Amino acid sequence: MEENQTTVTEFVLLGFCLGPRIHLVLFLLFSLFYTLTILGNGTILAMICLDSRLHTPMYFFLSHLAIVDMAYACNTVPQTLINLLDETRPITFAGCMTQTYLFLTFAITECLLLVVMSYDRYVAICHPLHYMVIMNWRVCTILAAVSWIVSFLLSLVHLLLILRLPFCGPHEINHFFCEILSVLKLACADTTLNQVIIFAACVFTLVGPLCFVLVSYTRILVTILRIQSGEGRRKAFSTCSSHLCVVGLFFGSAIVMYMAPKSQHPEEQQKILFLFYSFFNPMLNPLIYSLRNAEVKGAIQRALCKENHSCLVWCSQHKPW
């Protein structure tokens with residue numbers, strides 16, 4: 001047994017067993033999604049950094065969300081694209097554990113950031129006169145830092161629990177990346193403790209935050225309905241509805257994947273759910289926030305107009321007289 005345990009130094013990600021032609025189509029499609037994710041979130045991040053009108057607590061947290069979404073994509077998509085072109089190409093044990101750790105880190109960070117953003121909207125709408133006092137930059141920095149630190153520590157717990165397990169038998173992971181539940185299936189030991197910790201972490205990072213978000217938005221909805229100004233009510237609804245869309249997409253898919261009975265979701269169906277979670281969510285987030293947020297659209301328009309104006313000025317100064 002000890003001799004066999006030392007032989008598993010790499011894994012093979014089975015991915016999607018659909019044939020070379022469909023793999024090529026998926027490669028092109030996922031490459032497009034990957035590009036849109038990086039460009040979309042990168043644009044949001046750039047606009048927040050460059051436009052002083054967006055230097056507010058809400059957009060401070062949104063910039064962190066954009067960073068998390070880009071990190072999500074960079075962690076899982078490149079390996080998936082490689083496997084679509086070469087199904088037999090392995091991933092090292094260290095590389096697989098790193099991917100698992102980073103995926104968990106970014107997932108937990110996004111959960112906590114969405115909770116913090118819901119609290120920010122609650123304070124902004126329900127206590128507008130005290131907003132800048134409560135959500136000052138020191139508080140915002142602490143909330144963002146705590147979200148990252150907690151996610152790194154919780155993910156480290158999961159990683160250490162995985163590393164204590166022996167991997168002495170099969171080395172084929174029936175997934176398109178090193179997802180923690182798929183990795184645990186290859187362990188040559190009892191994984192009950194791992195499963196219990198994962199479920200407890202889901203309650204802490206999914207169910208608890210979701211309840212907090214729902215309570216916050218219930219209070220927000222009641223406050224919005226009391227607003228006399230139609231323009232104020234419309235602006236509040238627009239801002240909160242974009243956040244609720246992101247919350248629904250993220251928490252809905254995560255709870256189905258990690259807390260629903262696995263017998264109801266075969267492995268191939270779980271892969272589709274993870275596709276939505278890993279590919280579509282990070283790509284849709286910037287679209288949701290930009291299309292439904294007048295301030296972000298305004299920042300993009302100002303940046304484009306400024307660029308066009310700079311080009312016109314340069315052209316006028318360099319006319320061939």
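Here the structure is a predicted model, which means the values were calculated and not measured. Throughout, residue positions are numbered sequentially from 1 according to the sequence presented.
Using the six-membered ring where Trp is involved, Phe106 and Tyr72 have ring planes that are perpendicular, over 60° apart on the 30 and 60° scheme. Ring-plane geometry between Phe177 and Phe103 is classed as tilted, the angle between the planes lying from 30 to 60 degrees on a 0 to 90 degree scale.
Taking every heavy atom of both residues into account, Asn41 and Pro282 meet most closely at ND2-O, 2.9 Å. In terms of heavy atoms, Ile162 sits closest to Ile180 at CD1-CG1, 3.7 Å. Considering every non-hydrogen atom in both Leu113 and Leu65, the closest pair reads CD1-N, 3.9 Å. When all heavy atoms are compared, the tightest approach of Ile134 to Val139 is O-CG2, 3.5 Å. Taking every heavy atom of both residues into account, Leu54 and Met47 meet most closely at CD1-O, 3.7 Å. Of all heavy-atom pairs spanning Ser147 and Thr109, the tightest one is O-OG1, 4.1 Å.
In summary, of the residues considered (Val146, Val68, Thr105), a side chain to side chain contact (heavy atoms under 4.5 Å, CB included) with Ser151 occurs for Thr105 alone.
Side-chain contact between Asp120 and Tyr131 is present, with at least one heavy-atom pair separated by less than 4.5 Å. With contacts defined as side-chain heavy-atom distances shorter than 4.5 Å, the pair Leu104/Leu154 does not qualify. At least one side-chain heavy atom of Gln195 sits less than 4.5 Å from a side-chain heavy atom of Leu181. Here the side chains of Leu14 and Ile173 are not in contact, with every heavy-atom distance at 4.5 Å or above. The side-chain heavy atoms of Cys140 and Phe61, taken from C-beta on, include a pair separated by under 4.5 Å. Taking the side chain as every heavy atom from C-beta outward, Leu114 and Pro209 never approach each other to under 4.5 Å. Within the 4.5 Å cutoff, the side chain of His23 has no heavy atoms near those of the Leu85 side chain. Using a 4.5 Å heavy-atom threshold, the side chains of Arg21 and Leu26 count as separate.
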(message) Quick one, His55 with Phe60, criterion side-chain contact (heavy atoms from CB on, under 4.5 Å). Give me CA distance, side-chain angles, the key distance, then yes/no.
(response) CA-CA 7 Å; His55 292 174; Phe60 172 74; over 6 Å; no
(message) Pair Cys202, Val207 - check side-chain contact (heavy atoms from CB on, under 4.5 Å), show working.
(response) CA-CA 7 Å; Cys202 287; Val207 178; 6.0 Å; no
(request) Output, in order, the C-alpha distance, side-chain angles, deciding distance and verdict of side-chain contact (heavy atoms from CB on, under 4.5 Å) for Val215 and Ser118. (result) CA-CA 10 Å; Val215 171; Ser118 69; over 6 Å; no
(request) Please test Thr100 against Leu159 for side-chain contact (heavy atoms from CB on, under 4.5 Å), starting from the C-alpha separation and ending with a verdict. (result) CA-CA 8 Å; Thr100 301; Leu159 179 64; 5.6 Å; no
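Atom CD1 in Ile149 sits 11.5 Å away from atom CG in Leu112 (nearest 0.5 Å). A distance of 12.0 Å separates CG of Leu39 from CE of Met283, quoted to the nearest 0.5 Å. Summarising the geometry, atom CD belonging to Glu172 is positioned 14.0 Å from atom NZ belonging to Lys185; distances are rounded to the nearest 0.5 Å. From Met135, atom CE reaches atom CG of Leu143 across 5.5 Å, with rounding to the nearest 0.5 Å. For the atom pair CD1 of Ile48 and CZ of Arg53, the computed distance is 15.5 Å after rounding to the nearest 0.5 Å. Put simply, OG1 on Thr35 and CZ on Phe30 are 13.0 Å apart, with the number rounded to the nearest 0.5 Å.
Between the side chains of Ser182 and Glu179, a donor-acceptor pair is found at a separation under 3.5 Å. Counted by atom type alone, Asp51 and Tyr59 present zero donor-acceptor pairs between their side chains at under 3.5 Å.
Linking Ile, Leu, Val, Met, Phe, Trp and Tyr whenever their side-chain heavy atoms come within less than 4.5 Å leaves Phe204 and Val116 in two separate clusters. Both Ile220 and Leu62 belong to a common hydrophobic cluster when Ile, Leu, Val, Met, Phe, Trp and Tyr are linked at side-chain heavy-atom distances under 4.5 angstrom. A continuous path of ILVMFWY side-chain contacts below 4.5 Å connects Ile198 to Val203, so both sit in one hydrophobic cluster. Linking Ile, Leu, Val, Met, Phe, Trp and Tyr whenever their side-chain heavy atoms come within less than 4.5 Å puts Leu163 and Phe11 in one cluster. Hydrophobic clustering (side-chain heavy atoms under 4.5 Å, transitive across Ile, Leu, Val, Met, Phe, Trp, Tyr) groups Phe251 together with Phe199.
Taking the six-membered ring for Trp and the full ring otherwise, Phe167 and His171 have centroids separated by 6.0 Å or more. Side-chain rings of His158 and Tyr101 stay apart, their centers remaining 6.0 Å or farther from each other.
Remark: the backbone N or O of Gln99 is paired with a side-chain donor or acceptor of Asn75 at under 3.5 angstrom. Panel note: side chain Thr80, backbone Phe176; a donor-acceptor pair is recorded below 3.5 Å. The backbone N or O of Asn194 sits nowhere less than 3.5 Å from a side-chain atom of Thr191 that would complete a donor-acceptor pair.
Remark: Arg89 CZ is loosely packed, at most 12 non-hydrogen atoms of other residues, nucleotides or ligands lying under 6.0 Å away.
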